[in-house]
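I have placed the structure first, in the form of structure tokens, so that the comments after it can refer back to it.
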Amino acid sequence: MDRIMVIGAAGQIGSELVIELRKVYGNENVFATDIKPGPRDIVEGGPFQVLDVMDDKQLIHFIIRNRINQIYHLAAVLSGNAEKLPIPAWHINMESLMNVLEIAKMVEEVKKVFWPSSIAVFGPTTPRIHTPQITIMEPVTVYGISKLAGERWCNYYYNKFNVDVRSIRYPGLISYKTEAGGGTTDYAVEIFYEAVRKGHYECFLGGETALPMLFMPDAIRATIELMETDRSKLPTQCSYNLGGFSMTPDDAFREIKKHIPDFTIGYKPDFRQDIANTWPKNIDDSSARKDWGFCHSYDLPAVTEIMLREIRAKLGIKP
């Protein structure tokens with residue numbers, strides 16, 4: 001059984017990915033790490049250690065000591081926060097990836113690496129409708145620039161050093177378990193929480209801003225499926241496009257009102273609107289569907305019902 005390390009285990013993706021990986025590989029074989037303490041179920045459900053991925057010596061010692069075979073490197077400064085601190089964000093996003101790639105190159109026991117890219121790699125010159133797998137990529141944000149550079153470094157290490165790096169360009173991710181943390185698609189989580197808490201939401205994007213979204217269970221399943229696919233069946237060396245369903249804030253508002261008739265919304269677009277205007281409205285993910293069988297299961301009505309039910313339960317609020 002492989003021994004797996006998840007870096008950034010307390011984040012939106014990591015906190016759910018760790019739980020699913022432990023179901024597959026066993027609690028004792030999935031090592032969760034983060035720069036801060038993780039949620040109770042992550043810390044108590046298996047090995048957990050506070051670890052800074054920027055400390056390459058601590059990182060390599062941990063990997064060798066625990067005989068790690070797979071690394072999921074999820075730590076990053078997201079799009080909204082990166083625009084506020086561009087140089088530190090670039091430093092964190094790129095140096096952490098290089099630390100992981102260098103260790104994967106040096107340590108023979110490390111067989112596979114997963115690193116998440118994003119639709120942020122695209123820019124205003126990219127086709128925004130059915131954005132192709134291979135297309136123009138001229139990102140205008142620090143986050144997008146770091147993800148595009150990261151894709152090219154992953155490709156370089158695969159071709160030059162045979163490091164098996166796999167990657168997904170995630171769209172906006174929707175989850176009730178961990179609240180959003182500094183991204184341009186955060187509204188897609190915030191709107192459900194505020195609908196339950198206050199019955200009103202002030203959205204930082206315009207109502208007609210369409211962006212691709214994916215419910216977290218679909219994203220987690222896709223990630224594990226990609227990592228478990230034989231490398232010979234993955235002709236795409238760069239990150240795989242992943243779609244799901246496209247929605248606008250207005251779409252989410254109308255769907256929520258079916259469950260909370262008094263729900264209201266206001267729109268106050270901020271700097272994240274300029275970012276969203278450069279991103280795809282929907283994604284062509286036919287390569288992922290053909291190469292490793294990706295298929296999303298949840299659409300907006302299903303996501304809305306689950307989000308509202310689970311957020312009420314989490315906050316102890318009756319319908």
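Computed from heavy atoms alone, side chains included, the values below leave out hydrogens, waters and symmetry copies. The residues of the chain are indexed from 1 along the displayed sequence.
Looking at Y143 and N93, their side chains come closer than 4.5 Å, going by heavy atoms from C-beta outward. At least one side-chain heavy atom of M216 sits less than 4.5 Å from a side-chain heavy atom of I13. Looking at I7 and L59, their side chains come closer than 4.5 Å, going by heavy atoms from C-beta outward.
Each salt bridge (Lys or Arg N to Asp or Glu O under 4.0 Å) pair with one or both residues in residues 220-239, not counting sequence neighbours, appears once here: D164-R231, D218-R221, R221-E225. Within the structure, no pair that satisfies the salt bridge (Lys or Arg N to Asp or Glu O under 4.0 Å) test touches residues 301-319, not counting sequence neighbours. For residues 77-103, every residue pair satisfying the salt bridge (Lys or Arg N to Asp or Glu O under 4.0 Å) rule, not counting sequence neighbours, is listed here: E102-K105. Each salt bridge (Lys or Arg N to Asp or Glu O under 4.0 Å) pair with one or both residues in residues 143-159, not counting sequence neighbours, appears once here: E151-R169.
For D2, the salt bridge (charged side-chain N to carboxylate O under 4.0 Å, His left out) test picks out no residue, with sequence neighbours left out.
Relative ring orientation between F245 and H296 is described as tilted, the plane-to-plane angle lying within the 30° to 60° band. Taking the six-membered ring where the residue is Trp, Y176 and F215 present tilted rings, their angle falling between 30° and 60°.
A 6.0 Å sphere centred on NE2 of H200 holds more than 12 heavy atoms belonging to other residues, nucleotides or ligands.
Side chain of T184 to backbone of A276: no donor-acceptor contact under 3.5 angstrom is found. Between the side chain of H73 and the main chain of W115, no donor-acceptor pair closer than 3.5 Å is present. Looking only at distances, no side-chain donor or acceptor of R166 sits under 3.5 Å from a matching main-chain atom of L234. Under the 3.5 Å distance criterion, the side-chain polar atoms of Q133 are matched with a main-chain donor or acceptor of N241.
Linking ILVMFWY side-chain heavy atoms closer than 4.5 Å, directly or via other members, places I136 and F122 in two distinct hydrophobic clusters.
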Are F161 and Y156 close enough, and set up right, to give a side chain to side chain contact (heavy atoms under 4.5 Å, CB included), and what steps lead you there? CA-CA 8 Å; F161 306 115; Y156 180 84; 3.9 Å; yes
Identify each donor-acceptor pair in which a side-chain atom of residues 37-56 lies under 3.5 Å from a protein atom, sequence neighbours left out, and give them as a table.
| from | atom 1 | to | atom 2 | distance (Å) |
| --- | --- | --- | --- | --- |
| D52 | OD1 | M54 | N | 2.9 |
| D55 | OD1 | K57 | N | 3.3 |
| D55 | OD1 | Q58 | N | 3.1 |

